[in-house]
J.: 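Here's a structure for you.
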Number of protein chains: 2
Amino acid sequence: MTNINDIARLAGVSVSTVSRVLNNYKYVAKNKRESVLKVIEEMNYTPNKHAIDLIRGETRTIGVILPYNNNPSFDQLLNGILAKALENEFLITVLPSKYSKEKEMEYLEKLKSKLFDGIIITSRANDWETIIPYSDYGSIVSCEYTEHTEIGCSYIDRYSSFLDAFQLLKNKGHHTAAFTTARLESNSTKQMLDAYHEIFGALPSGYHISDCLCLEDGYEAAKQFLQLPERPTAIYANGDEVAGGMYLYAKSQQMKVPSDLAIIGQENQPVGIGLGLTTVDHQLMKVGEQACSLVIKKSRKKMKIPYRIVVRESV
Amino acid sequence: MTNINDIARLAGVSVSTVSRVLNNYKYVAKNKRESVLKVIEEMNYTPNKHAIDLIRGETRTIGVILPYNNNPSFDQLLNGILAKALENEFLITVLPSKYSKEKEMEYLEKLKSKLFDGIIITSRANDWETIIPYSDYGSIVSCEYTEHTEIGCSYIDRYSSFLDAFQLLKNKGHHTAAFTTARLESNSTKQMLDAYHEIFGALPSGYHISDCLCLEDGYEAAKQFLQLPERPTAIYANGDEVAGGMYLYAKSQQMKVPSDLAIIGQENQPVGIGLGLTTVDHQLMKVGEQACSLVIKKSRKKMKIPYRIVVRESV
DNA sequence: CCTTGACTTGAAATGGATTTCATAAATTAG
DNA sequence: CTAATTTATGAAATCCATTTCAAGTCAAGG
């Protein structure tokens, strides 16, 4: 491999001059600039990025910690992040965690080793106390709200959105509702439960099913809900794919949506458009974009992204 | 930032010894190893990855050129790649191209600048002739077959799979079929047309719609197909989301699937399971895994991944 | 004619590790 | 008891580019 020294030697100048040419520095004699460029061309030379990153202490690369990469919600986040990164000529490295604490720490160590300028945590397994020390080594942005001032946040006010969704169901005449969530231990699930109590009061037993991720999970969840002695008349699904599964199960039982069963989904995903599902759109793409912007700007601001309810025919 | 020299000084040893401790080299006196580790701990030291990559000339990072990152097919590929990378402790950097020749070249230049050990091209805009010279700088693996020996391939025999799918429709009594594709100029589309001619002969005008990516595109395509004077009785969709859209349009017109309209999709995606869509599963996740393995092994083998037809109720 | 500022250039320091080479001490084998 | 290994360590070279510092040329302004 040819390096900058070779170029300098062949062009009969110093490495400083070659570097100046490479970086478009103003004061280089025209003839020298040309001969340097000629040698670079001839030798098919490209500067070594590691040497540059080493000395500059910057990589223009962001790591994105993602528990699952085949999940539509995280996909939307990632899409937003990628779009904004592309716009700003940053690269994105995907860091799958499967909610493993060890993996997460491994990735944070890479921030410390200067591999990334910053990290976006879409969802996490570790405590903030464990994570925060790493904010010394690069900006850390979370897609979930936290008080900690060391962490930038691009987040959704999920509690409010859950209140709104439940209220919508209540206004339609339902005095209870069932719902599904992804992880039982997540913050989001806690907020969901709180919002439920706020609107409907006590949660009937069997009205909450966790670990729902895909269409099939929704199908199964609906089956379980509808086999309960006291059938729910409305369901709030944690995603439109899950809601889609519920819809398909209801249809398979000759039930009418929304008259026999109201279904509201989340995230305004493609499947919901076709099925006419009413959905709480948390605008995850925008959440991702904003998160990426914060990392790029090394900002620790707390940015709340507005959600909206997209009304179709399933409620 | 503390570096290896600081550690050496504080521990009263040479940098070589510190490096030996860091790399678990056998021959270091127990007491020195311990004092080095103690200083590392105290100083909260982590080696700089760029310095390591610079001298080792290796990064354990793979770049993945991806035209769209919100497309279910490319998502499946990416998932496979990520799974295999995780298993082998490689990192994945996502390189969105939108089929831009310039972007692609930019990414290949990064391979040359040593940022990646290799690149996976899931789909491309540039000619192979333009791409091949970069194989000198790292392994390049394609998810599409090419004769060129410089490029590793993890691919699907699409032509065969298209023949099989059309033959299936023909066996069910259809003597023509309509179909959709993603990009008009893609290799895959050419093979689709060839396969069509092979099985059905001449393509009726209006029986091929391109630029179909999502459920809504499928919905619209079905509408167009079914408004033709000579309605097709069967459609081969380039993806289950697209097929799902077609299914929903057919249903909205009170048509029965498969008796009024047969639909076959591709890639065995979640939406198709719920809708009972027959689908050609190209096992893109496996294609991704294999592609990643090839890059890691720096292999230029041509690996054909078998496809299978998943029979459900839509044909 | 002298001063000032705009150009132009190269030597050397810098970023931070790994690795080879040389050397020396401590064992082990014969 | 000597020769051959094994163990242990540091100096210095290496990977490759950027940037500061110092110094020099040249033209314009007073």
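Below, chain A is the first sequence line, B the second, and so on; all start at residue 1. Quantities reported herein were computed from a predicted structural model and do not represent experimental measurements.
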J.: In whole angstrom, what separates Arg9(B)'s CZ from dG10(D)'s P?
T.: 15 Å
J.: When all nucleic acid strands are considered with a 4.0 Å heavy-atom cut-off, which category describes Asp53(B): base, sugar-phosphate, or nothing?
T.: nothing
J.: Evaluate side-chain hydrogen bond (donor to acceptor under 3.5 Å, both in side chains) for Ser123(B) paired with Tyr99(B), printing each intermediate quantity in order.
T.: CA-CA 8 Å; Ser123(B) 191; Tyr99(B) 284 117; 2.7 Å; yes
J.: Starting at atom OH of Tyr27(A), determine the distance to atom C1' of dA23(D), rounded to an integer number of angstrom.
T.: 17 Å
J.: For Ile52(B), which contact category applies under a 4.0 Å heavy-atom criterion: base, sugar-phosphate, or nothing?
T.: sugar-phosphate
J.: Taking the nucleotide of DNA chain D with the nearest heavy atom to each, does Arg20(A) or Asn3(A) sit closer to the 5' end?
T.: Asn3(A)
J.: Calculate, to the nearest 0.5 Å, the distance between atoms CD1 and OG belonging to Ile52(A) and Ser113(B) respectively.
T.: 7.0 Å
J.: Which part of the nucleic acid, if any, lies within contact of Thr17(B), taking any heavy atom under 4.0 Å across all strands shown: a base, the sugar-phosphate backbone alone, or nothing?
T.: sugar-phosphate
J.: What's the OH-P distance between Tyr45(B) and dG16(C), to the nearest Å?
T.: 9 Å
J.: Does Lys32(A) reach a base, just sugar-phosphate, or nothing at all? Heavy atoms under 4.0 Å.
T.: sugar-phosphate
J.: Leu54(B) CG to dT14(D) P: how many Å, rounded?
T.: 14 Å
J.: When all nucleic acid strands are considered with a 4.0 Å heavy-atom cut-off, which category describes Asn5(B): base, sugar-phosphate, or nothing?
T.: nothing
J.: Tyr25(A) OH to dT19(D) C1': how many Å, rounded?
T.: 10 Å
J.: Starting at atom CG of Asn48(A), determine the distance to atom P of dG16(C), rounded to an integer number of angstrom.
T.: 16 Å
J.: Could you tell me the separation between the NZ atom of Lys114(B) and the P atom of dT14(D), rounded to a whole number of Å?
T.: 18 Å
J.: How many whole angstroms separate atom CD1 of Ile55(A) from atom C1' of dC15(D)?
T.: 13 Å
J.: Select base, sugar-phosphate, or nothing to describe what Ser16(B) touches, counting heavy atoms under 4.0 Å on all strands.
T.: base
J.: So what does Val18(B) hit on the nucleic acid, given a heavy-atom distance under 4.0 Å: a base, only sugar-phosphate, or nothing?
T.: nothing
J.: Would you please classify the geometry between the His282(A) ring and the Tyr307(A) ring as parallel, tilted or perpendicular, with 30° and 60° separating the classes?
T.: perpendicular
